[in-house]
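As structure tokens, the structure follows; a few thoughts come after it.
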Amino acid sequence: MSLKKGKVYLVGAGPGDPELLTLKALRAIEQADVILYDKLVGDRIISFLKEMGKNIIYVGKDSRESGGKKQKEINRLMKKFALQGKKVVRLKGGDPFVFGRGSIEARFLKDEGIEFEVIPGVSSVSGVPTHACVPLTHPDFSTALLVVSGREEVKKWSEVLLEGTIVILMGRDKIGDISEELIKLGRDPETPVAVIENGTLESERTIFSNLSDVSDLLKKNNVNGPAIIVVGDIVTMGEELRETKKG
Ligand SMILES: C[S@@+](CC[C@H](N)C(=O)[O-])C[C@H]1O[C@@H](n2cnc3c(N)ncnc32)[C@H](O)[C@@H]1O
């Protein structure tokens, strides 16, 4: 399906303080013809949008509504405005790809052939504790940070490591050992892995692989820059979504 004229920006608004909006988010907001915003976008950000004279539409879910029904309506609006050739900002609390249904909306846009861009936001995951001066890691206390949805039923806490998405920092040179350990623990050797080197910079490079091959592939591709490694089935979705990404 060919790309339509309009474009949708899935924008993270951060945890609430307008000063935690990124410059990129602000630029998208300034250029937007219409902004569809969620419940968790802070009141001060909404006042700011109103002061800017922006055309804003509330699409947050109230507690009586079904998520599926609301999502259909949001999808319908994004599509409608994009087909009118408009620049649409879909403004979401925190970061759009962290428990924010941003991935559902990105997939919808891709399937509809509508151009889109994802603009990361400061996630409440780290933004809120850091603002409250509660550190998340320290070499003496914790070298891991587990982020779990309390809404979905966690069947067995001990299995979180086997089912959830794992994000590894500083693991580039040890990925062979890490993969081996995860496979020993019970993760499928075919589990998809994405390695993102020099993220958000001009030189950003993403390599897709799986647990059994990733170590060799990194060596073969001379991955030497700072890298984030994402392990889990969701990585497949990233690979699919990127097919429409420009550049
Ligand atoms: C559906 S999730 C969305 C998370 C969001 N995409 C992010 O990256 O922060 C909503 C949950 O994020 C947390 N949250 C979001 N903003 C927050 C804030 N300003 N203070 C505390 N918790 C917050 C709460 O646990 C809330 O129930």
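What you see below is based on every heavy atom in this structure, not just the backbone, and it leaves out hydrogens, waters and symmetry mates. Values in this document were obtained by computation on a predicted structure and should not be read as measured data. Ligands are counted one by one from 1 in listed order, and the atoms in each one are counted from 1 as well.
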- Query: Hey, would you say the Phe116 and Tyr9 ring centroids sit under 6.0 Å apart?
  - Reply: no
- Query: Does the N or O separation between Gly93 and ligand 1 drop below 3.5 Å for any pair?
  - Reply: yes
- Query: Any link between Leu49 and Leu40 through a network of hydrophobic side chains (Ile, Leu, Val, Met, Phe, Trp, Tyr) touching at under 4.5 Å?
  - Reply: no
- Message: Looking at non-hydrogen atoms alone, which of Leu40, Val128, Val98 comes nearest to atom 11 (C) of ligand 1?
- Response: Leu40
- Return yes when at least one protein heavy atom is under 4.0 Å from atom 25 (O) of ligand 1, and no when none is. no
- Message: Checking the N or O distance criterion of under 3.5 Å, is ligand 1 in contact with Phe99?
- Response: no
- For ligand 1, which atoms sit closer than 4.0 Å to a heavy atom of Ser123? 7 (C), 8 (O), 9 (O)
- Message: For the 3.5 Å polar cut-off, considering only N or O atoms, please tell me whether Val125 and ligand 1 meet it.
- Response: no
- atom 14 (N) of ligand 1 has as its nearest protein heavy atom Ser124 OG, 3.4 Å
- CZ (Arg76) and CZ (Phe81) are apart, to the nearest 0.5 Å, by 8.0 Å
- Do Lys24 and Arg27 have side chains that get closer than 4.5 Å, going by heavy atoms? no
- Message: Can you report which non-hydrogen protein atom sits closest to atom 19 (N) of ligand 1, along with the distance?
- Response: Pro15 O, 2.8 Å
- Would you mind running through ligand 1 and noting each atom that sits below 4.0 Å from a heavy atom of Asp95? 6 (N), 7 (C), 8 (O)
- In plain terms, say whether Lys5 and Glu115 are close enough for a salt bridge, that is, a side-chain N and a carboxylate O under 4.0 Å apart. no
- Minimum side-chain heavy-atom gap Arg90-Ile74 below 4.5 Å: yes
- Query: Picking from Val167, Val214, Ile168, Ile207, what satisfies side chain to side chain contact (heavy atoms under 4.5 Å, CB included) with Ile229?
  - Reply: Ile168
